[in-house]
Participant: 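One structure coming up, written as structure tokens, with questions to follow.
Lettering follows sequence order; numbering is per chain, from 1.
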Protein chains: 2
Amino acid sequence: MVKRTSFEGDACPIARSLDALGDWWSLLIIREALFGLRRFGEFQSKLGMAKNILAARLRSLVDRGILATAPASDGSAYQEYVLTPKGRGAFPILVALRQWSEEFDDHPEEIATILVDREKGRPVKKLEMHAEDGRLLSPADTTLKPRPAPRRRSAS
Amino acid sequence: MVKRTSFEGDACPIARSLDALGDWWSLLIIREALFGLRRFGEFQSKLGMAKNILAARLRSLVDRGILATAPASDGSAYQEYVLTPKGRGAFPILVALRQWSEEFDDHPEEIATILVDREKGRPVKKLEMHAEDGRLLSPADTTLKPRPAPRRRSAS
DNA sequence: CTCCATTAGTTTCATCATGAAACTAGATTG
DNA sequence: CAATCTAGTTTCATGATGAAACTAATGGAG
């Protein structure tokens with residue numbers, strides 16, 4: 001059992017996310033799915049990845065509830081892969097990755113696209129983290145706390 | 001050249017970020033570094049990863065300007081690994097991954113920690129995306145545009 | 001209905017990456 | 001200066017990846 005370590009049982013939520021999304025292709029598949037791709041062949045030609053790897057990734061994403069197979073929207077007998085709410089929920093991760101690249105990449109001139117506000121066509125601002133009361137938070141304004149034990153029924 | 005495909009030259013900023021951070025360990029190393037870890041042995045024992053892999057990752061992260069080696073803060077002759085601004089800039093990525101897990105994980109009761117506002121001790125809100133003018137944007141409110149060609153000197 | 005092309009995979013095989021353990025050089029401690 | 005600790009490197013077995021060939025089912029042309 002020299003297996004590539006899994007973070008499935010890890011208590012850290014970051015590790016748990018990485019267990020599902022942290023390989024080289026899953027997030028790119030989700031990116032394309034958000035962009036509207038649905039068919040095996042579309043993913044394969046757009047991403048240029050090996051078909052066996054794509055098949056394995058799609059299976060994993062379906063198993064984890066990130067994609068679902070749907071019985072074809074154009075009437076053909078083939079199936080399609082569509083994002084579940086869980087899959088669409090990965091959007092902020094993609095935005096965060098994009099913005100990190102936009103801000104820190106050594107060759108930003110090679111970046112082909114920018115994410116813009118559809119209405120105005122202007123670049124979106126950086127992701128913001130806010131407190132419950134609305135205050136804008138910087139990393140230093142945050143800290144980690146142990147998760148409170150889930151209370152059963154009512155408070156003690 | 002059956003090498004694991006690199007996204008280094010890819011025009012997609014998400015792929016470019018994944019090229020630097022998209023392996024199983026890099027983001028966890030950054031997480032620990034944000035938490036204050038600095039020494040090789042600290043990372044190794046905290047993450048429980050093989051030392052050769054850790055050494056390779058640290059080297060890669062230093063090469064990419066995400067970590068820097070510093071000549072020891074406690075006077076010893078060993079070196080330390082500290083985050084650069086580029087490394088600290090990955091904070092939103094970690095928050096996005098954490099929040100995705102908090103929202104969609106099948107076993108959220110296994111998650112040990114929550115990210116809170118230091119001042120109030122209350123959980124932070126989900127990351128928000130805003131337009132330049134401050135409007136809150138949903139994914140559907142955004143679209144991709146080709147990056148405008150960089151103008152030289154003045155406008156045409 | 002038949003034949004051919006397309007789609008969506010699976011199989012095979014070579015190579016790369018990962019992980020565990022042993023090993024090592026230099027730093028630190030007693 | 002001997003024992004130990006730190007920070008790695010080396011070695012080797014195994015798992016993951018990728019390219020290409022192969023296959024079964026579908027779709028389309030005539």
Participant: Please name all residues satisfying salt bridge (Lys or Arg N to Asp or Glu O under 4.0 Å) with A:Arg31, sequence neighbours left out, ordered by chain then number.
Facilitator: none

Participant: Roughly how many Å is it from CG in B:Leu47 to C1' in D:dA7, rounded to a whole number?
Facilitator: 16 Å

Participant: Using the C1' atoms of five pairs at each end, what's the angle between the two axes of the helix from C:dC1-D:dG30 to C:dG30-D:dC1, to 10 degrees?
Facilitator: 30°

Participant: Please enumerate all residues that pass side-chain contact (heavy atoms from CB on, under 4.5 Å) together with A:Ala15, with sequence neighbours excluded.
Facilitator: A:Phe7, A:Asp10, A:Cys12, B:Leu28

Participant: So which pairs with a foot in residues 83-95 of chain B pass side-chain hydrogen bond (donor to acceptor under 3.5 Å, both in side chains), sequence neighbours left out?
Facilitator: none

Participant: If the condition is salt bridge (Lys or Arg N to Asp or Glu O under 4.0 Å), which residues does A:Lys46 pass it with, not counting sequence neighbours?
Facilitator: A:Glu32

Participant: With B:Ala72, which residues qualify under side-chain contact (heavy atoms from CB on, under 4.5 Å), at least two apart?
Facilitator: B:Asp74, B:Ser76

Participant: Short of 4.0 Å, heavy atom to strand atom, which residues of residues 31-46 of chain A count as contacting DNA chain D?
Facilitator: none

Participant: Going by the rule side chain to side chain donor-acceptor pair (under 3.5 Å), which residues pair with B:Glu42 if we only count those two or more places apart in sequence or in a different chain?
Facilitator: none

Participant: Tabulate atom names and distances for all N/O pairs under 3.5 angstrom spanning the protein and nucleotides 20-30 of chain D.
Facilitator:
residue: D:dG27; atom: OP1; partner: A:Ala77; partner atom: N; Å: 2.5

Participant: Going by side chain to side chain donor-acceptor pair (under 3.5 Å), name the residues that satisfy it together with B:Asn52, two or more places apart in sequence or in a different chain.
Facilitator: none

Participant: Excluding sequence neighbours, so at least two apart, what forms side chain to side chain donor-acceptor pair (under 3.5 Å) with B:Asp133?
Facilitator: A:Lys120, B:Arg135

Participant: Using a side-chain heavy atom cutoff under 4.5 Å and only I, L, V, M, F, W and Y, what cluster partners does B:Ile114 have?
Facilitator: B:Val116

